[in-house]
Amino acid sequence: MPIDSVQRSIHIRRKKNAVVFQNIARLWDLGRKAHSHQDILDGLHPWNAPITLRFENLLPRLLALCGIICIVPVFFQASHFWAQLCFLAGLMMIFWAYISYEQDDPIEEVIEFLERESIAKKYQLAFGRQPQHISIPMNQLHFIAHLKRLFPAFSRGSLSNDISTYASSVWEDENGRQHQVLLFQYHYVDEIKARGKDGEEIKLKEVHKDLWGIFVFDVEIQGIAVSSMNTAFYYPYSFPWHSSDIQINQRLKFYGSDEMQTARLMSPGFVLRLADFFAQRQGDLMFHPSSNLLCFLGPQDLFKASSKAEKIEDISALRGHLRTFKLIALENLQKDLTIFLK
């Protein structure tokens, strides 16, 4: 009987989707309880249960298709009773298909959560936390606002700007020297306006942009700014400086807060170290004149994973992604910056 087949299909769909929801719940629990990146990987294998992470939505799709087919006759014979009846039946089918369709949002949310937890544990990143060197912890908002006020690069955005994501960590160079760092994502919004016929300003659109960077604390170098993006610096980096190397001058722009101090600091060896640091990246490198604080800001996404499966539909694919992903931009920045600061 057709009705028995439909009931059986509904029952099978419910069982399959219940398994997916159970897997999602297990993944959330795994991410919360894991103490290391390896704990997450070990929790994903062996799974000892069905590994699917894909909702069964064939029935709602067929129901929606049938509903659309039932609606069509009303456009040709709107006054006909059977056409109107089919129209109502079609609407009911589409509505039922809509409320029974399982969205992929819960799957995407738990994958994003596990990826974030894996990034934090693999790279020892404490998201939303201040560096350990802060002896008297400040309010988080005040702390971020204080860091932004120290550098002119954070004045971008005619409408708004904010450090939306940040994470503290400790980097160690080959000699065992540790550096307290704060990685961040800087988001700013520019408002584009034009003048109308009456001379009134008309808002055309908002342009959202992102930059990524790092603060490094307790740095000995002070009072210079270097840019590979032709950034025009102003106070406190008020004095331009030029290298004797023409090629370096073409690639990098140098500024200092004190002419004499900048001239003493910018030895040929130091300039070459700066050139090596900027060899494979774009951005602005700033050393505060008095706070022993370094800031680098550039367009490369430091939190972006190197690769991701086109569509993760089971636990095996998820584990493969979490096992092999890398933050290449972050790894390169860490390597080059620790070499530069040696």
Side-chain angles (χ1 to χ4, degrees), residues 1-68 90-129 164-167 185 301 303-327 330:
M1 294 290 292
I3 192 166
D4 293 332
S5 299
V6 172
Q7 288 177 337
R8 186 169 178 273
S9 299
I10 293 174
H11 178 69
I12 293 173
R13 176 177 178 271
R14 284 177 177 173
K15 285 187 65 176
K16 287 183 177 180
N17 288 348
V19 169
V20 177
F21 279 115
Q22 289 170 6
N23 287 343
I24 291 172
R26 280 186 63 182
L27 292 174
W28 280 107
D29 189 57
L30 172 63
R32 294 189 185 103
K33 292 181 178 179
H35 298 291
S36 67
H37 180 226
Q38 190 59 46
D39 286 346
I40 294 177
L41 298 180
D42 292 343
L44 293 173
H45 181 76
W47 189 248
N48 297 325
I51 62 173
T52 182
L53 284 175
R54 183 171 65 87
F55 287 120
E56 177 56 59
N57 281 314
L58 178 60
L59 197 59
R61 290 193 182 101
L62 291 176
L63 196 60
L65 179 62
C66 292
I68 293 171
L91 288 181
M92 291 180 64
M93 290 181 187
I94 293 174
F95 175 73
W96 186 256
Y98 173 77
I99 63 174
S100 61
Y101 187 89
E102 295 292 354
Q103 301 288 341
D104 288 335
D105 293 354
I107 298 173
E108 293 172 359
E109 288 172 4
V110 75
I111 291 175
E112 183 179 343
F113 168 70
L114 283 175
E115 185 178 272
R116 186 182 179 93
E117 288 296 307
S118 296
I119 287 173
K121 291 172 171 58
K122 183 175 182 178
Y123 292 94
Q124 289 82 51
L125 300 178
F127 282 93
R129 296 183 185 178
S164 54
T165 303
Y166 59 92
Q185 178 180 351
D301 187 348
F303 301 117
K304 183 179 180 181
S306 57
S307 63
K308 186 171 183 177
E310 288 296 323
K311 191 170 180 61
I312 295 175
E313 295 187 339
D314 58 51
I315 301 298
S316 297
L318 175 60
R319 187 179 188 275
H321 166 62
L322 296 180
R323 181 175 58 85
T324 59
F325 83 93
K326 291 183 178 180
L327 302 185
L330 177 58

>> As an exercise, state the distance from CD1 of Ile111 to OG of Ser118, rounded to the nearest 0.5 Å.
In response: 11.5 Å
>> I want to check a possible cation-pi pair here: Lys122 against Phe325, using under 6.0 Å from ring centre and within 45° of the ring axis as the test.
In response: yes
> Between the side chain of Asn23 and the main-chain N/O of Ile315, is any donor-acceptor distance below 3.5 Å?
Replying inline: no
> Is there side-chain contact between Leu330 and Ile119, with heavy atoms separated by less than 4.5 Å?
Replying inline: no
> Between Arg54 and Lys16, is any pair of side-chain heavy atoms under 4.5 Å apart?
Replying inline: no
> Sub-3.5 Å donor-acceptor pair from the side chain of Asp29 to the main-chain atoms of Ala25, do we have one?
Replying inline: no
>> For the OG1 atom of Thr165 and the CG atom of Leu125, what is their distance to the nearest 0.5 Å?
In response: 12.0 Å
> What distance separates Ser36 OG from Lys121 NZ, expressed to the nearest 0.5 Å?
Replying inline: 8.0 Å
> Minimum heavy-atom separation for Leu30 to Ile40, with atom names?
Replying inline: CD2-O, 3.7 Å
> When rounded to the nearest 0.5 angstrom, what distance separates NZ in Lys304 from CD in Gln185?
Replying inline: 12.5 Å
> What's the shortest heavy-atom distance between Ala64 and Ile94, and which atoms?
Replying inline: O-CG1, 4.1 Å
> In Å, rounded to the nearest 0.5 Å, how long is the span from CG of Leu65 to CE of Met93?
Replying inline: 10.5 Å
> Considering all heavy atoms of both residues, which atom of Ile51 and which atom of Ser316 are nearest to each other, and what is their separation?
Replying inline: CD1-OG, 3.7 Å
>> To check you understand the geometry: which heavy-atom pair defines the closest contact between Ala97 and Leu63, and what is its length?
In response: N-CD2, 3.8 Å
> Should Leu27 and Leu53 count as side-chain neighbours, where that means a heavy-atom distance under 4.5 Å?
Replying inline: yes
> Hey, is the main chain of Leu322 close enough, under 3.5 Å, to the side chain of His37 for a donor-acceptor pair?
Replying inline: yes
> Using 30° and 60° as the class limits, which term best fits the ring planes of Phe21 and Phe55: parallel, tilted or perpendicular?
Replying inline: tilted
> Would you call Arg319 and Asp314 a salt bridge, using N to O less than 4.0 angstrom?
Replying inline: no
>> Does Thr52 form a side chain to side chain contact (heavy atoms under 4.5 Å, CB included) with Glu313? I'd like the steps, not just the answer.
In response: CA-CA 6 Å; Thr52 182; Glu313 295 187 339; over 6 Å; no
> How about Arg26: does its CZ atom have over 12 heavy atoms from other parts shown lying under 6.0 Å from it?
Replying inline: yes
> Closest heavy-atom contact between Ala305 and His321?
Replying inline: CB-CE1, 4.5 Å
>> Can you see whether Tyr101 has Arg61 sitting over its ring - NZ or CZ less than 6.0 Å from the centre and within 45° of the normal?
In response: no
> Would a 4.5 Å heavy-atom cut-off, applied to side chains only, mark Trp28 and Leu114 as touching?
Replying inline: no
> Can you tell me how far CD1 of Ile24 sits from CD of Glu109, rounded to the nearest 0.5 angstrom?
Replying inline: 9.0 Å
> After noting the C-alpha distance and the side-chain angles of Lys311 and Asp104, does the key distance pass the side chain to side chain contact (heavy atoms under 4.5 Å, CB included) rule?
Replying inline: CA-CA 11 Å; Lys311 191 170 180 61; Asp104 288 335; 3.4 Å; yes
>> Set out, in order, the CA-CA distance, both residues' side-chain angles and the distance that settles ring-ring contact (aromatic ring centres under 6.0 Å, His included) for Phe303 and Tyr123, then state yes or no.
In response: CA-CA 10 Å; Phe303 301 117; Tyr123 292 94; 10.0 Å; no
> Of the non-hydrogen atoms in Phe127 and Arg116, which two are nearest, and what is the gap between them?
Replying inline: CD2-NH2, 3.4 Å
>> The test is side chain to side chain contact (heavy atoms under 4.5 Å, CB included); show your working for Glu117 and Arg32 and say whether it passes.
In response: CA-CA 9 Å; Glu117 288 296 307; Arg32 294 189 185 103; over 6 Å; no
